[in-house]
Amino acid sequence: AQSVTQPDIHITVSEGASLELRCNYSYGATPYLFWYVQSPGQGLQLLLKYFSGDTLVQGIKGFEAEFKRSQSSFNLRKPSVHWSDAAEYFCAVGGNRGSTLGRLYFGRGTQLTVWP
Amino acid sequence: NAGVTQTPKFRVLKTGQSMTLLCAQDMNHEYMYWYRQDPGMGLRLIHYSVGEGTTAKGEVPDGYNVSRLKKQNFLLGLESAAPSQTSVYFCASSYTPVRGMVTEAFFGQGTRLTVV
């Protein structure tokens with residue numbers, strides 16, 4: 001069955017520090033992978049996506065993520081965090097075949113707090 | 001370009017009352033989705049639609065019904081609201097640029113529903 005695990009419920013970093021949010025997925029084929037960000041009271045905004053090709057993908061707001069098939073991971077990184085990055089981050093895997101086509105399976109989210 | 005619009009944004013219902021949440025998208029997307037978001041649970045798929053006139057169940061469909069009479073609209077109904085349906089509801093849409101591939105989902109701003 002398809003599933004996404006975000007092991008860290010809450011992460012706190014200092015402004016200017018580097019950031020890595022972990023995401024592991026379970027899917028029978030090469031998945032479509034996404035990271036979304038949600039600010040309080042807002043909808044979800046796409047940060048980046050992986051469909052195929054280069055395993056290191058760049059997104060908006062200086063974020064990047066690396067797809068590692070051997071580890072079933074798609075970790076999100078940012079070299080220097082800004083206070084405005086404080087939000088909740090969701091990893092998702094998209095089905096790409098059969099009955100899963102078009103469906104997104106979300107992790108439970110990681111809440112990021114940024115200290116000034 | 002409005003994207004995905006949800007109405008209403010807030011609603012309080014009494015147990016047993018009914019209501020309909022409306023989602024409208026102006027991007028001509030084939031796929032539309034209804035999710036609910038609860039603290040610590042991420043987003044869970046209630047129902048989705050792969051085209052006008054079609055609907056399918058997601059992970060948590062009980063207590064909800066949906067209809068997609070027009071391509072741009074996706075309605076979520078609660079026939080007899082229960083306190084367990086207190087949640088934030090998100091509508092989303094996506095499309096198929098090529099056969100067998102579905103893009104990322106574009107989200108509305110959410111509807112906060114409280115059932116008392």
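Each chain gets a letter, A, B and so on, in the order its sequence line appears, and its residues count up from 1.
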Is it the case that one hydrophobic cluster holds both [X] and [Y], taking links as side-chain heavy atoms less than 4.5 Å apart, direct or via other members?
{"X": "A:Leu48", "Y": "A:Leu21", "result": "yes"}
{"X": "B:Met32", "Y": "B:Leu21", "result": "yes"}
{"X": "A:Phe90", "Y": "A:Phe34", "result": "yes"}
{"X": "B:Leu76", "Y": "B:Val60", "result": "yes"}
{"X": "B:Val115", "Y": "B:Phe90", "result": "no"}

**Region of B:Leu43 that comes under 4.5 Å of a non-hydrogen atom in chain A** = both

**Request:** May I have all residue pairs that pass salt bridge (charged side-chain N to carboxylate O under 4.0 Å, His left out) and include part of residues 35-48 of chain A, sequence neighbours excluded?
**Result:** none

**B:Gln17, CD: over 12 other non-hydrogen atoms inside 6.0 angstrom** = yes

**Asked** When rounded to the nearest 0.5 angstrom, what is the spacing between CZ in B:Phe107 and CG in A:Leu46?
**Response** 9.5 Å

Mind listing the donor-acceptor pairs under 3.5 Å that bridge chain B and chain A?
from: B:Tyr33; atom 1: OH; to: A:Gly102; atom 2: O; distance (Å): 2.4
from: B:Gln37; atom 1: OE1; to: A:Gln38; atom 2: NE2; distance (Å): 3.0
from: B:Gln37; atom 1: NE2; to: A:Gln38; atom 2: OE1; distance (Å): 2.8
from: B:Glu104; atom 1: OE1; to: A:Lys49; atom 2: NZ; distance (Å): 3.0
from: B:Glu104; atom 1: OE2; to: A:Lys49; atom 2: NZ; distance (Å): 3.3
from: B:Ala105; atom 1: N; to: A:Tyr36; atom 2: OH; distance (Å): 2.9
from: B:Ala105; atom 1: O; to: A:Tyr36; atom 2: OH; distance (Å): 2.9

